[in-house]
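Everything below concerns the one structure shown next.
Just follow the structure's listing: the first ligand is 1, and inside any ligand the first atom is 1. Here the structure is a predicted model, which means the values were calculated and not measured.
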Amino acid sequence: MDARENVSGAERKIWSLIKDCSGKLEGVTETPVLEVLLIVSRVLGIRKEDLFLKDLVVSPTEEKRILKLVEKRASGYPLHYILGEKEFMGLSLLVEEGVFVPRPETEELVELALELIRKYGIKAVADIGTGSGAIGVSVAKFSDVVVFATDVSSKAVEVARKNAERHGVSDRFFVRKGEFLEPFKEKFASIEMILSNPPYVKSSAHLPKDVLFEPAEALFGGEDGLDFYREFFGRYNTSGKIVLMEIGEDQVEELKKIVSDAVFLKDSAGKYRFLFLNRRSS
Ligand code: SAM
Ligand code: GLN
């Protein structure tokens, strides 16, 4: 018996609240009802699916909290910062303000990486700009590699570490604060594959409102969006290694000038999304 079934007094039927709240998110997101359901289940501390089970009611305190969060979302604040988590590769990852929210395209990078890990029996991988740990933590979770992850943001390092613990891979996921692979100089020779979803947005780009709440250093890659790639390939000798990086869909021609032997792969939406470089000798 759920105590909520019998809450009496000024409580409000949940469905009328959900309807009103969804109205506030029209035009802000393409999925207003879903987002409200997620916010409501978060506040009530129940699974979204369980909202349908009973004719639940909401206490005045809960209603106030829900309305406050919906207003926040209506102002463009990202849904996943409100929820405090984002699902990636079937894993619930903690996210918070100051940390990039993982995107579905990046799951395809992880799938590709896992195929390569199996194919070549790779044991040591780097994840540059790990953010929430999305790439590194999931690669560690779904294979037996050791991951050396870096990020320039202290908040990202903190959150990535928590996510590694959350998914039981902290013995194989090492994260340090710093640029590129500088924090793991002593491991560089042993790293067989370098993964990254770097910032690649042009500084002049007009981004949707919610994206602008995410950290600038996670998004912008300078005037043409390519600063990260230029600097990385200028600094590191990648011979003997595999490199797999996410890119912007319109960056292939410019990237060919930076890495002439790179191969470019499309995502499932048919857009060029990954730079692949196999410099292994065997
Ligand atoms: N890998 C995560 C993901 O896919 O969800 C985060 C990707 S986010 C687009 C880019 C990340 O790179 C941010 O967390 C940012 O702080 C970090 N970053 C930017 N420049 C960096 C650099 N030179 N070295 C290390 N990290 C960097
Ligand atoms: N795809 C991201 C966006 O929504 C950009 C990701 C990146 O710069 N790595 O803008």
Side-chain angles (χ1 to χ4, degrees), residues 29 76 78-81 85-89 91-113 125-140 147-161 163-164 173-185 188 194-236 244-251 255 267 269 271-275:
T29 159
L79 173 71
H80 296 283
Y81 288 164
E85 62 178 349
K86 166 77 187 174
E87 193 181 302
F88 184 84
M89 292 296 292
L91 305 175
S92 157
L93 295 179
L94 302 170
V95 289
E96 60 185 64
E97 206 168 313
V99 176
F100 184 82
V101 178
R103 305 289 204 266
E105 309 82 282
T106 311
E107 294 181 328
E108 297 183 43
L109 181 147
V110 171
E111 302 277 8
L112 271 166
V125 169
D127 174 15
I128 307 178
T130 194
S132 63
I135 296 174
V137 169
S138 54
V139 159
V147 177
F148 301 106
T150 68
D151 206 293
V152 289
S153 148
S154 321
K155 176 60 78 179
V157 168
E158 185 191 310
V159 171
R161 207 168 267 150
N163 279 320
F173 178 89
F174 303 98
V175 57
R176 293 183 188 158
K177 186 182 170 184
E179 280 197 314
F180 302 98
L181 288 172
E182 293 307 291
F184 286 109
K185 269 192 175 137
F188 186 77
I194 299 170
L195 303 173
S196 183
N197 171 21
Y200 56 68
V201 177
K202 294 182 182 70
S203 48
S204 59
H206 292 287
L207 296 175
K209 209 169 169 186
D210 50 357
V211 178
L212 292 173
F213 283 92
E214 295 185 82
E217 76 265 24
L219 295 166
F220 298 108
E223 214 168 296
D224 60 1
L226 302 173
D227 284 359
F228 180 96
Y229 309 95
R230 247 188 312 266
E231 200 162 340
F232 172 81
F233 287 104
R235 257 195 215 202
Y236 297 94
L244 181 60
M245 290 181 178
E246 193 169 313
I247 63 166
E249 60 188 85
D250 57 353
Q251 292 174 331
L255 279 167
D267 61 17
K271 293 178 172 163
Y272 281 108
R273 186 62 66 204
F274 309 108
L275 176 161

**Asked** Should the pair D224-R230 be classified as a salt bridge under the 4.0 Å nitrogen-to-oxygen rule?
**Response**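 A salt bridge is present here (some side-chain N lies under 4.0 Å from a carboxylate O).
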**Message:** Tell me whether K202 is salt-bridged to E223, with the criterion being a basic N under 4.0 Å from an acidic carboxylate O.
**Reply:**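 Here K202 does not pair with E223 in a salt bridge, since their nearest N and O are not under 4.0 Å apart.
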**Prompt:** Of K86, K155, H80, which is the lone residue that meets side chain to side chain contact (heavy atoms under 4.5 Å, CB included) with V99?
**Reply:**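 The passing option is K155.
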**Request:** Show the protein residues that qualify under the rule heavy atom under 4.0 Å from an atom of ligand 2, listing them in chain and number order.
**Result:**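 Residue list for ligand 2: F100, R103, E105, N197, P198, P199, Y200, V201, A218, L219.
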Between ligand 1 and the protein, find all N/O pairs closer than 3.5 Å and give the distance for each.
| unit_1 | atom_1 | unit_2 | atom_2 | d |
| --- | --- | --- | --- | --- |
| ligand 1 | 1 (N) | G129 | O | 2.9 |
| ligand 1 | 1 (N) | T130 | O | 3.4 |
| ligand 1 | 4 (O) | N197 | ND2 | 3.0 |
| ligand 1 | 14 (O) | D151 | OD1 | 3.4 |
| ligand 1 | 14 (O) | D151 | OD2 | 2.6 |
| ligand 1 | 16 (O) | D151 | OD1 | 2.6 |
| ligand 1 | 24 (N) | F180 | N | 2.8 |
| ligand 1 | 26 (N) | V152 | N | 3.4 |

**Request:** Anything under 30° is parallel, anything over 60° is perpendicular, the rest tilted; go ahead and classify Y236 against F180.
**Result:**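 Rings of Y236 and F180: tilted, as their planes differ by 30° to 60°.
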**Request:** Only counting residues at least two apart or in another chain, list the ones meeting salt bridge (Lys or Arg N to Asp or Glu O under 4.0 Å) with E182.
**Result:**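 Here the qualifying residues are K185, R235.
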**Item:** Flag if over 12 foreign heavy atoms under 6.0 Å of OH, Y272
**Value:**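 Open: at most 12 neighbouring heavy atoms sit under 6.0 Å from OH of Y272.
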**Request:** Return the set of residues passing side-chain hydrogen bond (donor to acceptor under 3.5 Å, both in side chains) with K209 (not counting sequence neighbours), or none when no residue passes.
**Result:**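 Here no residue qualifies.
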**Request:** Look up atom CD1 in I135 and atom CG in L109, then write down how far apart they are to the nearest 0.5 Å.
**Result:**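 Reported to 0.5 Å precision, the distance equals 5.0 Å.
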**Message:** Treating D151 as the side-chain partner and T130 as the backbone partner, does any N or O pair qualify as donor plus acceptor under 3.5 Å?
**Reply:**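 Side chain of D151 to backbone of T130, a donor-acceptor pair under 3.5 Å: yes, one is there.
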